[in-house]
Participant: 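What follows is a single structure, and I will ask about it in a moment.
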Protein chains: 2
Amino acid sequence: MPTHPSDEERETRDSGKAGAVRTRRKAERPGEILEAAFEEFVQKGYAATRLEDVAARAGVTKGTIYVYFENKEQVFVAMVRELSRPVHVQAEEFAESSASSTAEFLRAYLCFLYRILATDPRGREIFRLLIAEANRFPELIDEHHQNFMGPVVRRLRQSLEDGAERGEIRRSSILEFPELLLSPALSLNISMLLFSDRRPIDMERHFEIAVDLLLNGLLQRPAGKADQPGQSS
Amino acid sequence: MPTHPSDEERETRDSGKAGAVRTRRKAERPGEILEAAFEEFVQKGYAATRLEDVAARAGVTKGTIYVYFENKEQVFVAMVRELSRPVHVQAEEFAESSASSTAEFLRAYLCFLYRILATDPRGREIFRLLIAEANRFPELIDEHHQNFMGPVVRRLRQSLEDGAERGEIRRSSILEFPELLLSPALSLNISMLLFSDRRPIDMERHFEIAVDLLLNGLLQRPAGKADQPGQSS
DNA sequence: TAATATTGACTAACCGGTCAGTCAATAATT
DNA sequence: AATTATTGACTGACCGGTTAGTCAATATTA
């Protein structure tokens, strides 16, 4: 054996999963390749990305990519799917752990979505790629809608309806476009995408102000209960 | 010098440009090329666009493009500038014709911006290109901000301040992010970019509802000064 | 040794950019 | 007016470099 196994491989052997190093590599390669693909696609865009660079970043050569993926398009599609999954499960998880009053839930939910849409750099960049390549990969867009946007909007609508039922929220036609509640986060996202880091934005503050704007447009203000946007954490 | 003005020459000299086909072509070529470039870039994205296709669409050959433009990058930059200009002048024009109360002005201004950002397909697509290529053409982004976004935001802020002064609008910290007022339009824009035509949206209605959401968050309720957001920064 | 993962050289096509040359329109000359 | 010279917009063949995708050879492990 002229060459020595890399540290990773040796390490793996110790952890003694039923399979062998080989199968472990085989199992992990796709993920590594997709991770590398993400970074390259983000940096250069779909068309300008060289699969050879992706391979190099993943520590393999171009041929290996074609062992696991059909072609460049499929690498891209698989990458988007792979990196969207965590977002989807996060959203799912959040859905479980919901409770409390409508206003409170809305605030928490919007905060959560802010983090996903605007704060998390990965979410941001995936979003950029989706916008840029929407015409070339419509199926990805539809998936995204089905797995993320759809449920989120449904949840928002439900929440608004509940709130109206309970009298916490004024009845308004916003039920027709609940996604309007996401627009501040989206707007922030776009800003970040445009001015990568040239114009620093206080995202915390942005969120507070957006919530203030939204809630004071939503909450019925009979009197007493003041709806302050103040830091509740 | 015994120059003898022929009829053609006289005509040319008089009307300035009606004469020579040659010079006429020269004057119009760049615009034609940029128009063709716009369509190709929109369809395929920057990297995937072939200058040969641009040329063909403009009815010339590739060489001609290099008579008028330095390289592919400059074609792109010039195209964005060319197609952004009308938007900038429109915005300028609107700025002139402002009057009436704050609430009224805000509504009209937002409607105007809605049209530019979301309704007009060209503005939409330019926006997509900017988002997609923001990292590769930062100077374009800065121009866009300087020529459009900056003035718009300034105008919005001014308008909000005026409104607050007059008591039409509640004082709130939205003055820190007046661009939040644009977020519904932006959100609509993104939706259109993603689902090209697959999910038809009633833009008129969207606008009405967004304005309702925004204004009812902005306008002071006559019922009595319920609350201030108390954010003293 | 058998089975499989990986390599990297190779192909074929593609494309940005160049440039010597063409030709119609104009100007100068007779 | 007729002839010749000049201009310059436009062409299109070409070059050099690049890259998606292939596959026979090699390395690795069981």
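In what follows, every chain begins at residue 1, and chains take the letters A, B, ... in the order their sequences are listed. Everything numeric in this text was worked out from a predicted model, so none of it was measured.
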Participant: For the side chain of Lys62(B), counting heavy atoms from C-beta on, which of dT11(D), dT22(D), dG16(C) is nearest?
Facilitator: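 The closest nucleotide is dG16(C).
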Participant: OP1 or OP2 of dC19(C) versus the side-chain N and O atoms of Tyr66(B): is any pair under 4.0 Å?
Facilitator: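 It does not, given that no N or O in the side chain of Tyr66(B) lies less than 4.0 Å from OP1 or OP2 of dC19(C).
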Participant: What pairs with Asp53(A) under side chain to side chain donor-acceptor pair (under 3.5 Å), at least two apart in sequence or on another chain?
Facilitator: Lys44(A), Arg50(A)
Participant: Using a 4.0 Å heavy-atom cut-off, does Val60(A) contact any base of the nucleic acid, only the sugar-phosphate backbone, or nothing at all?
Facilitator: sugar-phosphate
Participant: Among side-chain atoms of Ser84(A) and Asn147(A), is any donor-acceptor pair under 3.5 angstrom?
Facilitator: no
Participant: Just how far, in rounded Å, is C1' of dA5(C) from CD of Glu32(A)?
Facilitator: 13 Å
Participant: Of Arg199(A), Arg128(A), Arg124(A), which meets side chain to side chain contact (heavy atoms under 4.5 Å, CB included) against Met192(A)?
Facilitator: Arg124(A)
Participant: Check whether NZ of the Lys or CZ of the Arg Lys72(B) lies under 6.0 Å from the centre of the six-membered ring of Tyr46(B) and within 45 degrees of that ring's axis.
Facilitator: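 Yes, cation above the ring, under 6.0 Å and within 45°.
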Participant: Near DNA chain D, counting only heavy atoms under 4.0 Å, which residues of residues 69-82 of chain B show up?
Facilitator: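 Residues of residues 69-82 of chain B that come under 4.0 Å of DNA chain D do not exist, since none gets that close.
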Participant: Whole angstroms only, please: what is the CZ-P distance between Arg50(B) and dA13(C)?
Facilitator: 14 Å
Participant: Any chance you could measure His88(A), atom NE2, to Arg85(A), atom CZ, to the nearest 0.5 Å?
Facilitator: 10.0 Å
Participant: With the threshold set at 4.0 Å, does a side-chain nitrogen-carboxylate oxygen contact exist between Glu52(B) and Arg57(B)?
Facilitator: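 A salt bridge is absent here (no side-chain N lies under 4.0 Å from a carboxylate O).
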Participant: May I ask you to verify if any side-chain N or O of Arg29(B) is less than 4.0 angstrom from the OP1 or OP2 atom of dC10(D)?
Facilitator: yes
Participant: Toward the 5' end of DNA chain C, which comes first, Thr61(A) or Glu52(A), by nearest nucleotide?
Facilitator: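 Its nucleotide being nearer the 5' end, the pick is Thr61(A).
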Participant: Ile65(B) has an atom CD1; how far is it from atom C1' of dT18(C), in whole Å?
Facilitator: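 Interatomic distance, CD1 of Ile65(B) to C1' of dT18(C): 14 Å.
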Participant: Can you measure Tyr68(B) atom OH to dG8(D) atom C1' for me and round it to whole angstrom units?
Facilitator: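 In whole Å, dG8(D) C1' and Tyr68(B) OH are 9 Å from each other.
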Participant: Measure from CD on Glu40(A) to P on dT18(D) and round the result to the nearest Å.
Facilitator: 16 Å
Participant: Please determine, for the side chain of Leu51(B), which listed nucleotide (dG16(C), dA20(D), dA9(D)) has the closest atom?
Facilitator: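 Output: dG16(C).
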Participant: Any cation-pi pair here, Arg205(A) with Phe177(B), using under 6.0 Å and within 45°?
Facilitator: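 So Arg205(A) doesn't make the cation-pi contact.
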Participant: So does Thr64(B) get a side-chain nitrogen or oxygen closer than 4.0 Å to the phosphate oxygens (OP1/OP2) of dT11(D)?
Facilitator: yes
